[in-house]
Amino acid sequence: MAVSEVHNYPCPSCGADLLFEPRDGFLTCPYCGHKEAVAQSEADVTEQSFEQQLRTQPADMTTLAANALEVQCQSCGAKSIFTPPEVAGRCEFCGVQIVTQPKSADPIVTPRGLLPFSVTQQTASAGLRQWLSSLWFAPNGLKRFAEPEAIHGIYIPFWTYDTSTTTYYTGQRGEYYYETETYYETDSKGNRVQRTRQVRHTRWYDASGTVHGAFDDVLIAATLSLPSHRLADLEPWDLDQLKPYNPAFLSGFKAQRYQVDLAEGFERAKQVIAPTIESDVRADIGGDEQQIDSLETNYRDVTFKHLLLPVYAGAYRYNGKLFQILVNGRTGEIQGDRPYSFWKIALLVVTILVVILILVLVFGNNS
Ligand SMILES: [Zn+2]
Ligand SMILES: [Zn+2]
C-alpha cells in the first residue's frame, strides 16, 4: 500500500479522515461531524535520562505517526512532518510554495508530550485580521495576510531540561569602608576654608566556595526557523496542561522537525541557567561587590523531554524582506514583524507640510 493510502483515523460513518478539532479536543469528521475522543494514556508526561538517550541513540526514536510524511522547504530548509490528508502547501517559515515531493518521515526523538491546539484556525485568522487593521502605515500588500490560508497550524519542537548543579568558584569579596578626607575650598567671600568629606574605598578579600542549584523544565526552542525573541514573546505556555504525545493530535496539523538536537539543546540550556548560577555565586561571596575569577559547574541528574507546542505561523515577503507572523495556538496571542509602507508615510509627511505651508501663507499674510 502506498504511504498516501494509509488512513490513521478513518471516520467509522463515512470513511473520511478525522481531524483534530481545537474547539473541543475531539477527533472530528469534517464531512459528517462524527466525533471521537483522543485516547489518553494515564501516564504523566515524564522526563527521560539525557545521558542514556545520548548513549543509546537512536534507541528511543520514532516517526510521529505510522503514515507520517516529511517535506523539506527548498528555500529555507525547514522540515515539516504531517499526515494525510494534510498536504505540504506553503512553507510556514518563509512563505514559499513547497514543490518538493514528500517522503516517509525519518524517525526523531520521541515526543513526550504536547499542548494540543485550543485556538481554531478561524479564531487565529480573525485575530490576525484585527491585528493587521490596527497597524498604522502598513503596506496594502499585508492584506493578503487577512486570508484564512495565510497562517497554518504547526507544532514547534522544544526541549525541556531538568538538572541539579554544583558550582565551585573562586573570586573576591569587596567590602566598602569610608575615610574622612580633608580638603580646602574657597567660599563666597573669597576665604580659604578647610572642609572634610567621607570617601568610599573598597577592600578586597579572596573568596571561594560551592553553590548548589536545581533547575526544572528549562524550555529551549529546537527550531532555527523562528527568531528566539519572537518565541519568547509567545510565552508563557501552560506547560502544566501537557498531554502525553499521541499522533491523533497531529491530524490536520503539521509538526516541524527539530533543528537543534538534544545535545546542542542542553548547551543552550546551560546558557539560560548561567545567570542564575552567577547570581547565586555572588550571593555566596557576599560583601558589597563581587569579582568572579573562576566557575566550574557539574551538571547531575540531567533529564529532558521533547515537547511540541502549537503555533499558527505564516510568512510573507515585502520589498525582498521576510516577515513572519506567529499566533499562540493556546492563547491566540499574536506576535509578528510588520513592515512600514514608505509611500503611506511619505504621503502623510507631504500632507502635513502642505497644511503647514497653507497656514503660513494664510496667517503669515494677515500679520
Ligand atoms: Zn464522517
Ligand atoms: Zn521555507
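Counting begins at 1 with the first residue of the sequence. One-based numbering, in listed order, for ligands and for the atoms of each. Just so we're clear, the structure is a prediction, and the values are computed from it rather than from any experiment.
Angle SG (C14) to the Zn ion (ligand 1) to SG (C29): 100°, rounded to 10°. Rounded to the nearest 10 degrees, the angle SG (C76) to the Zn ion (ligand 2) to SG (C94) equals 120°. Rounded to 10°, the angle formed at the Zn ion (ligand 2) by SG of C73 and SG of C91 is 110°. Considering the Zn ion (ligand 1) as centre, the angle to SG of C11 and to SG of C32 is 100° (10° rounding).
At a threshold of 2.8 Å, the Zn ion (ligand 1) has no backbone or side-chain N, O or S atom of H34 nearer than that distance.
By the 6.0 Å contact criterion, CZ on R192 is open, its count of non-hydrogen atoms from other residues, nucleotides or ligands being 12 or less. Other residues, nucleotides and ligands contribute only 12 or fewer heavy atoms inside 6.0 Å of the OH atom of Y31.
Residues D206 and Q172 meet the side-chain proximity criterion, which asks for heavy atoms closer than 4.5 Å.
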Derivation and outcome, side-chain contact (heavy atoms from CB on, under 4.5 Å), residues F304 and V109 = CA-CA 11 Å; F304 75 96; V109 174; 4.0 Å; yes
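The side chain to side chain donor-acceptor pair (under 3.5 Å) test with K254 singles out one residue from E92, E70, E86, and that residue is E92.
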